[in-house]
2 protein chains.
Amino acid sequence: MGLFIGNILTERLLGKVGVLSSKEKILNEAIILFAEKGYPGLSMRQLATAANISVAAIYHHFPDKNALYLDAIQYAFSGKELVFARVWESEGTPEEKLARFIRSLLEVMQQDRNFHRLIQREIMEADPERMQLLAQSVFNKQFCLLMQLANELAPDQDAHLVATSIISLVKNYIEYQPLNKNFPGRKPEHEQPEVIAAHITGLLLNGLKK
Amino acid sequence: MGLFIGNILTERLLGKVGVLSSKEKILNEAIILFAEKGYPGLSMRQLATAANISVAAIYHHFPDKNALYLDAIQYAFSGKELVFARVWESEGTPEEKLARFIRSLLEVMQQDRNFHRLIQREIMEADPERMQLLAQSVFNKQFCLLMQLANELAPDQDAHLVATSIISLVKNYIEYQPLNKNFPGRKPEHEQPEVIAAHITGLLLNGLKK
DNA sequence: GTCTATATGGCGATAGAC
DNA sequence: GTCTATCGCCATATAGAC
C-alpha cells in the first residue's frame, strides 16, 4: 500500500470509483485553472479555494508551485496516447485512416479543452527543455505513425511537413473558433466536427480544384 | 500641437526621425515584454526598468495596467494591414496570388515574432469582446480578400473554411518550430520560409497525390 | 513629465498546533 | 494530513515635491 502512495495512476483508478484523494483533487483543479489563467495568473490561494483545501495542505503534497505545475501537466497528458490506438490498428486504405485520424484528433481537442489549452500555453512558452519532454514523452509515437501514414499517402512529399500540416489544420479550427465567429461567411455548421473534418480531409486529399 | 499629444501616429512619425517620446518608449517595451511574459507575468516595475523610467511616470501616461496593455496591442497592430497591399494589388493568376500571400504572411509572422505572440495570447484568452475588436479592426479586410481569392481558386468550396485553412497552415509552422525540432524527420531546411511556403502552396493546390 | 516615498493588499512559502 | 497564523516580499497604484 505504502508503495503506491503518490502514484498518479493508482489515484486515477481510485477516482474512477468516486474516491478522490486530496492530491488528485488538487491536480484536477490545477489542470482546469492553469489552462484558464496560465502559470503566473493562478495563485496558490485561488487553487486552494477551488480544491476546497488550505494553502498549507497543497504544500504538503507538492514542494512548490512549479513542481505542482509540472505534475499537473504530466497528469493531464497521461493516457492520451490510448485514444488513437484504434485509428492505427484499424483496417482500411490510407485515405480512410487519414479521415479517421482527423476525426479523432478533432474530437479529443474539442472535448478536452483544458488539455488543448495547457498544451498551447506550453508551446507558446517554447522552453527548449520542456519542448523536448513534451515531444518525446507525449507526442512522439503519434507523430511517427502520422508520418508513416503521410508517406503512404504521398511518398514523394516530405513526411515531416505533411504531418505538421495535418495537425495544424485540425488544431487551428478549434483555436480560431472564437475569432472566426466575427468574420463574414461564418455559418453555424462551421462548429460541427464532421463538417470541419470533411473539409480538412477533402483539402488534403484533393487540394483546391476549380 | 496640443491637439496631437497622445496621438500614437504622431509619435510614430517622431520615432522615425529617432526621437522616441517616453510614451512610445513604454509602448515599445510593453509589446516585447507582454508578448514574452503575458499580462500577469509582466509587472509594472519590470516594464519601468526596461523603459528606463519610474513606475509613477508610467501611470502618468496610462491610467492603469489594463489600459496600457490594450494600448500596446493597438499600437502593435497599427500599420500591419499595409504589408499585404502589394499582394492584392499585384497582377497574376489566383494561383500566383496565393503563393505570394503565403510567402508574405510567413515573412510577417517570422520577422515580427512579438506581434505574432501577442496575437496568439489574445486568441488564447478568447475574450469575446476582444475577439470582435481584433477581427473587425485588424484582420477583417485581409480575411475578406483571402476569401475572395479562395472563391476564385475553388468556387465549389466554402471560402470561409478555405481561408481559415490557409492561415492555419502558415501560422502553425511558425508556432511549432520549437516543438518540431524534437521530432524525427526534421531537416534544417524546414526553417527556411521558401521551403515551407512551397510545401503549403503545393499542398493547397495539389493535395496529397501518390 | 519625472521623481522618491509610501499605502494597501496579494503573493509564495513556512511554523507549529492538532 | 490538515489547519490557522504569519513571514517577507513584490504587486498595483497614489501622493506630493520638483
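These numbers come from the heavy atoms of this one structure, side chains and all, not from hydrogens, waters or symmetry mates. Quick note on labels: first sequence line is chain A, next is B, and so on, each numbered from 1.
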A:K65, nearest nucleotide to its side chain (from D:dA13, C:dA13, C:dG1): C:dA13
Interatomic distance, B:I58 CD1 vs D:dA11 P [rounded to whole Å]: 12 Å
Sugar-phosphate only, base, or nothing, as touched by B:S54 at under 4.0 Å among non-hydrogen atoms: base
A:R45 CZ - D:dA5 P separation (whole Å): 14 Å
Rounded distance [0.5 Å steps], OG in A:S22 versus NE2 in A:H60: 9.0 Å
Exceeds 12 heavy-atom contacts within 6.0 angstrom, atom CG of B:N52: no
A:A57 side chain, from C-beta outward: closest of D:dA13, D:dC3, C:dC3: D:dC3
Which nucleotide in D:dG1, D:dA13, D:dT4 has an atom nearest any side-chain atom of B:V55: D:dA13
Donor-acceptor contact below 3.5 Å, side chain B:R45 vs main chain B:V55: no
Between C:dG1 (P) and B:H61 (NE2): distance, integer Å: 6 Å
Value in whole Å for how far the C1' atom of D:dT2 lies from NZ of A:K25: 11 Å
Candidates C:dC11, C:dT2, D:dT4 - which lies nearest the side chain of B:I53: C:dT2
Touch class at under 4.0 angstrom, heavy-atom based, for A:L42 against every strand present: sugar-phosphate
Whole-Å distance separating the CE atom of A:M44 from the P atom of D:dT4: 17 Å
Options C:dT2, D:dT12, C:dT4, nucleotide nearest the side-chain atoms of B:S22: C:dT2
B:F77 ring center near B:F115 ring center (under 6.0 Å): yes
Distance in angstrom units between A:F62 CZ and D:dT2 C1', rounded: 15 Å
D:dT14 phosphate, OP1 or OP2, under 4.0 Å from B:Y59 side-chain N/O: no
Ring geometry between B:Y39 and B:Y69 (parallel below 30°, tilted from 30 to 60°, perpendicular above 60°): perpendicular
Interatomic distance, A:L68 CG vs C:dA13 C1' [rounded to whole Å]: 13 Å
Separation of D:dT12 C1' from B:Y39 OH (nearest whole Å): 9 Å
